[in-house]
Amino acid sequence: MHAMRIALMTAVALTACTGEPPSFDSVTGGNPRRGLEAIQRYGCGACHRIDGVPGAYGTVGPTLQRIGEGAYIAGKLPNSPENLQQWMRFPQRIVPGNAMPDLDVTEPDARDIAAYLYHQ
Ligand code: HEC
């Protein structure tokens, strides 16, 4: 039992350290590897702390490190892969006047970013 826990923890640590995200996520159907690239392209890290993204230490918005665990997205939408993508694409429609601008995130990019966030 104990040995198995150690083996599991080692496996998790190894995955975290190799840096390369997987290329497919079954929950979203997205590509976490492309998601990482999209996060950098849109500059999400200027406002958010995101694991594994160089320079993503922003504190304007909440950390996205545990986005899969919360009950709500932006305190408003029940947390689901679909709602996470809706939020990324249309934050101003969902919570008008909030500090996250609409960044014209495309549907495939939102899917890949969600895939990355679930795997970070
Ligand atoms: C200019 C700053 C800014 C940028 C750039 C930005 N965000 Fe945000 N984001 C925020 C703020 C502020 C909130 C909190 C909004 C609220 O709760 O009303 C937020 C909330 C979120 C949430 C919900 C977090 C939670 O805990 O509920 C997610 C997910 C998110 N942003 C993803 C992204 C992604 C992905 C990008 C890049 C495509 C991005 N953000 C770019 C400022 C930003």
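- Using a cut-off of 4.0 Å between Lys/Arg side-chain N and Asp/Glu carboxylate O, D109 and R41 are scored as salt-bridged.
- Hydrophobic cluster membership differs between F24 and V27, with clusters built from Ile, Leu, Val, Met, Phe, Trp and Tyr side chains linked at under 4.5 angstrom.
- How far SG of C44 is from CG of L117: 8.0 Å, rounded to the nearest 0.5 Å.
- Around atom CZ of F90, more than 12 heavy atoms belonging to other residues, nucleotides or ligands sit under 6.0 Å away.
- Taking both residues in full, the closest heavy atoms of P91 and P101 are given as CG-O, 3.5 Å, listed atom of the first, atom of the second, then distance.
- Atom CD of Q86 and atom CD of E107 lie 8.0 Å apart (nearest 0.5 Å).
- Taking 4.5 Å as the limit, some side-chain heavy atom of V53 sits within range of a side-chain heavy atom of Q40.
- Considering CG of L84 and CD1 of I67, their distance stands at 6.0 Å, rounded to 0.5 Å.
- No donor-acceptor contact under 3.5 angstrom links the side chains of Q92 and D102, judged on distance only.
- Using a 4.5 Å cut-off on side-chain heavy atoms (C-beta onward), Y116 and I50 make contact.
- Y72 is not listed as a side-chain neighbour of N79, based on a closest heavy-atom distance of 4.5 Å or more.
- Side-chain atoms of R111 never come within 3.5 Å of backbone atoms of G30 as a donor-acceptor pair (strictly under, hydrogens ignored).
- Separation of atoms CG (L64) and CD (Q120) is listed at 7.0 Å; rounding is to 0.5 Å.
- To the nearest 0.5 Å, atom CG of residue N98 and atom CZ of residue R93 are 13.5 Å apart.
- Listed for the N83 side chain is a donor-acceptor partner under 3.5 Å among the backbone atoms of P78.
- Here the closest non-hydrogen pair linking V105 and R89 is O-NE, 3.1 Å.
- Between the side chain of H48 and the main chain of P62, a donor-acceptor pair closer than 3.5 Å is present.
- Considering only heavy atoms from C-beta on, H119 stays 4.5 Å or farther from P21 through its side chain.
- With R34 contributing its side chain and D112 its backbone, the two residues share no donor-acceptor pair below 3.5 Å.
- Within the 3.5 Å criterion, the main-chain N or O of P81 finds a donor-acceptor partner in the side chain of Q85.
- L36 and Y57 sit in two unconnected hydrophobic clusters of ILVMFWY residues. Membership requires side-chain heavy atoms under 4.5 Å apart, directly or through other members.
- In this structure, CE in M88 is found 8.0 Å from CD1 in I73, a value given to the nearest 0.5 Å.
- Scanning all heavy atoms of the two residues, the minimum distance from Y42 to I113 falls at CD1-CD1, 4.1 Å.
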